[in-house]
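Below is one structure, written out as structure tokens; the observations come after it.
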Amino acid sequence: MKRYPVAPTTESELLERSHALAGLTLGEIAESVGICVPHESVRAKGFAGILLEQVLGATATSKPEPDFQLIGVELKSLPINALGKPRESTYVCTVPLINNHDIRWETSTVKRKLTRVLWVPIVVETDAPIADRRIAMPLLWSASVDEEAALRHDWEELMDMVVMGELNRVSAHHGTWLQIRPKAADSRARGRSTNTDGTPGVALPRGFYLRTSFTSKILRQHYALP
DNA sequence: CATTGATCATGT
DNA sequence: ACATGATCAATG
């Protein structure tokens with residue numbers, strides 16, 4: 001294992017680097033770059049994703065842009081069970097709660113992030129040490145025409161409600177593939193929002209998430225899983 | 001047991 | 001406060 005401090009300049013370079021990780025455990029990868037793996041899983045949320053960013057040379061850390069800015073590719077780690085089924089939904093980006101009247105799907109952060117994604121599946125066994133989680137075969141992916149249309153439909157439906165100031169009526173039940181859920185330190189967190197009458201207000205920050213049914217479909221299509 | 005709502009860590 | 005990286009844990 002080698003660390004790549006330099007951002008990949010082509011997709012194939014990124015794919016090559018990611019393929020070199022397949023079969024390795026998080027412990028092995030972390031050791032190769034001199035990082036300690038957390039022992040408590042509750043304290044390890046996000047650990048795998050950040051480790052992969054480091055090792056693969058991502059540059060857009062903590063920015064509302066694809067991780068690999070140079071080539072427009074978003075990196076997503078994807079926890080799966082032994083059968084290849086995703087265990088969790090996938091966070092995409094924050095939901096804009098203010099100045100959102102003019103936004104369109106074409107220029108949305110959701111679309112920019114999901115245009116090109118490097119999925120890195122990680123086999124997560126319950127009650128096994130985090131260091132033992134093993135990288136499966138990464139997949140460089142784009143939404144098909146149908147998939148993008150479906151995502152766009154969800155996004156427009158959800159954002160229509162948000163723009164109308166009906167955020168309080170939006171729950172994780174809405175959306176076929178894309179959903180809106182809380183994205184905050186805790187349920188008391190508040191950020192700026194816009195009320196129904198257009199006046200400034202505050203609300204619990206939200207994020208867009210991809211349902212496991214969507215990511216599961218991706219893996220089934222590309223890897224011929226049950 | 002799948003899903004929703006809550007939560008943890010870190011950088012700007 | 002807001003953005004990133006996500007997973008936990010209560011609930012139906």
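Worth knowing before you read on, the calculation uses all heavy atoms, side chains too, and leaves out hydrogens, waters and symmetry mates. Source: prediction; values computed, not measured. Convention: sequence-line order gives letters A, B, ...; per-chain numbering from 1.
A heavy-atom distance below 4.5 Å is found between the side chains of A:Leu75 and A:Phe68. Residues A:Met159 and A:Phe208 meet the side-chain proximity criterion, which asks for heavy atoms closer than 4.5 Å.
Without hydrogens or angle criteria, A:Ser108 side chain to A:Trp105 main chain gives a donor-acceptor distance under 3.5 Å. Under a 3.5 Å cut-off, the side chain of A:Glu148 and the backbone N or O of A:Val145 do not form any donor-acceptor pair. No donor-acceptor pair under 3.5 Å is formed between the side chain of A:Glu28 and the backbone N or O of A:Leu24. A:Lys113 places no side-chain N or O within donor-acceptor distance of the main-chain N or O of A:Asp67, the cut-off being under 3.5 Å. Put simply, the side chain of A:Asn100 gets close to the backbone of A:Pro96: a donor and an acceptor are under 3.5 Å apart.
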Original post:
Does the side chain to side chain contact (heavy atoms under 4.5 Å, CB included) test come out yes or no for A:His173 and A:Gln179, once each step is laid out?
Top reply: CA-CA 7 Å; A:His173 297 283; A:Gln179 63 181 173; over 6 Å; no
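Under a cut-off of 6.0 angstrom, the local environment of CD in A:Glu65 is crowded, with over 12 non-hydrogen atoms contributed by other residues, nucleotides or ligands.
DNA chain C is contacted by no residue of residues 163-175 of chain A, taking any non-hydrogen atom closer than 4.0 Å.
Recorded end-axis angle for the helix from B:dC1-C:dG12 to B:dT12-C:dA1 stands at 30°, based on five pairs per end and rounded to 10 degrees.
A cation-pi contact, defined as under 6.0 Å to the ring centre and within 45° of the axis, is absent between A:Lys76 and A:Trp141.
Judged by closest nucleotide on DNA chain B, A:Lys85 is the one of A:Lys85 and A:Ala185 placed further toward the 5' end.
A nucleotide of DNA chain B counts as in contact with chain A when one of its atoms lies under 4.0 Å from a heavy atom; the first and last such, 5' to 3', are B:dA2 to B:dG11.
Residues passing the salt bridge (charged side-chain N to carboxylate O under 4.0 Å, His left out) test with A:Glu88: none are found, sequence neighbours excluded. Applying the side-chain contact (heavy atoms from CB on, under 4.5 Å) test to A:Thr115 and every residue at least two apart in sequence or in another chain returns A:Lys111.
The pair A:Glu125-A:Arg134 fails the salt-bridge criterion, with no side-chain N (NZ, NE, NH1 or NH2) lying under 4.0 Å from an Asp/Glu carboxylate O.
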Subject >> Annotated protein contacts, base or backbone, on nucleotides 3-12 of chain C with a non-hydrogen cut-off under 4.0 Å, one of B, S, - each >> reply: BBBBBB----
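Residue contacts for A:Arg211: at a heavy-atom cut-off of 4.0 Å it reaches the sugar-phosphate backbone alone, with no base atom in range.
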